[in-house]
Amino acid sequence: MLFGDTLADLDTETGYRGPIACKAAGITYRQLDYWARTGLVEPTIRSAKGSGSHRLYSFRDILVLKIVKRLLDSGVSLQQIRIAVDALSKRGVESLSSITLMSDGASVYECTSTDEVIDLVQGGQGVFGIAVGRVWREIEGTLAELPVESAKQELKVPDELAAARARRNAG
């Protein structure tokens, strides 16, 4: 890790609904929905299956959502962000927490050591950086106060539309 401290283990049995993921990542629900539908950041715990179902996002998904938001805010193109997200999704959790993403506004560079960050900045390529471990801790703090849902928990009545459909089909 670049900062020396360790990060908590991830729970793969629980996740967060869309509105909670939006709040933690600082994005709108419209962005979340678009990114899920286009495959940029899809929920890994539970995806939506028709009207009335709820996506369930893992901690790691929310981490990636927040990184995407920061990259977009910095002017990085969605095409470059897709490349970066693809590279991040292939990494293990521990290696993910030790990455610093650097960008010049056009391209995204992955640095795994302080020396790589310094080399990139000295070469004039890095304009800003995102320390993934720091973003991780920010999200942990935000999610600590928000409700979590079990992946095995099934909703009896997900919403009013699903309830009306269930009544119509039953009778």
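Here CG of Asp119 is found 13.5 Å from OH of Tyr109. Values are rounded to the nearest 0.5 Å. Considering CG of Asp33 and CZ of Arg55, their distance stands at 4.5 Å, rounded to 0.5 Å. In this structure, the separation between CG on Leu32 and CD1 on Ile62 is 9.0 Å, given to the nearest 0.5 Å. Distance SG/Cys22 to CZ/Arg17: 13.0 Å, rounded to 0.5 Å. The line from OG of Ser113 to CD1 of Ile99 is 11.5 Å long, rounded to the nearest 0.5 Å.
Side chain of Gln31 to main chain of Ile27: no donor-acceptor pair is present (N/O by atom type, distance under 3.5 Å, no hydrogens or angles). In this structure a side-chain-to-backbone donor-acceptor pair under 3.5 Å is present from Asp61 to Ser58.
Between Arg70 and Glu138, at least one side-chain N (NZ, or NE/NH1/NH2) sits under 4.0 Å from a carboxylate O, which counts as a salt bridge. A salt bridge does not link Arg37 with Glu42: every distance from a Lys NZ or Arg NE/NH1/NH2 to an Asp or Glu carboxylate oxygen is 4.0 Å or more.
The shortest non-hydrogen separation linking Tyr57 to Ala36 is OH-CB, 3.7 Å. Considering every non-hydrogen atom in both Gly129 and Met102, the closest pair reads CA-SD, 3.5 Å. Closest approach of Leu143 and Ala24 over heavy atoms only: CD2-CB, 3.6 Å. Taking both residues in full, the closest heavy atoms of Ala25 and Leu65 are given as CB-CB, 3.7 Å, listed atom of the first, atom of the second, then distance.
With a 4.5 Å cut-off on side-chain heavy atoms, Tyr16 and Leu56 do not count as touching. Side-chain atoms of Leu120 and Cys111, non-hydrogen and from C-beta on, do get closer than 4.5 Å to each other. Two residues are said to be in side-chain contact when any heavy atoms from C-beta on lie closer than 4.5 Å; Ile83 and Val108 fail this criterion. Residues Lys69 and Asp73 form a side-chain contact, since some pair of their non-hydrogen atoms from C-beta on lies under 4.5 Å apart.
Residue Leu63 is grouped with residue Leu72 when hydrophobic side chains (ILVMFWY) are merged at heavy-atom distances under 4.5 angstrom, including chains of intermediate members.
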Next item on the list: Might you work through the side chain to side chain contact (heavy atoms under 4.5 Å, CB included) test for Ile139 and Lys66, ending with a clear yes or no?
Entry: CA-CA 8 Å; Ile139 292 171; Lys66 188 160 187 117; 3.8 Å; yes
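Side-chain N/O atoms of Glu116 and Thr112 include a donor and acceptor closer than 3.5 Å.
Evaluation of the side-chain contact (heavy atoms from CB on, under 4.5 Å) rule for Thr38 yields Tyr34, Leu40, Arg82 as partners, not counting sequence neighbours.
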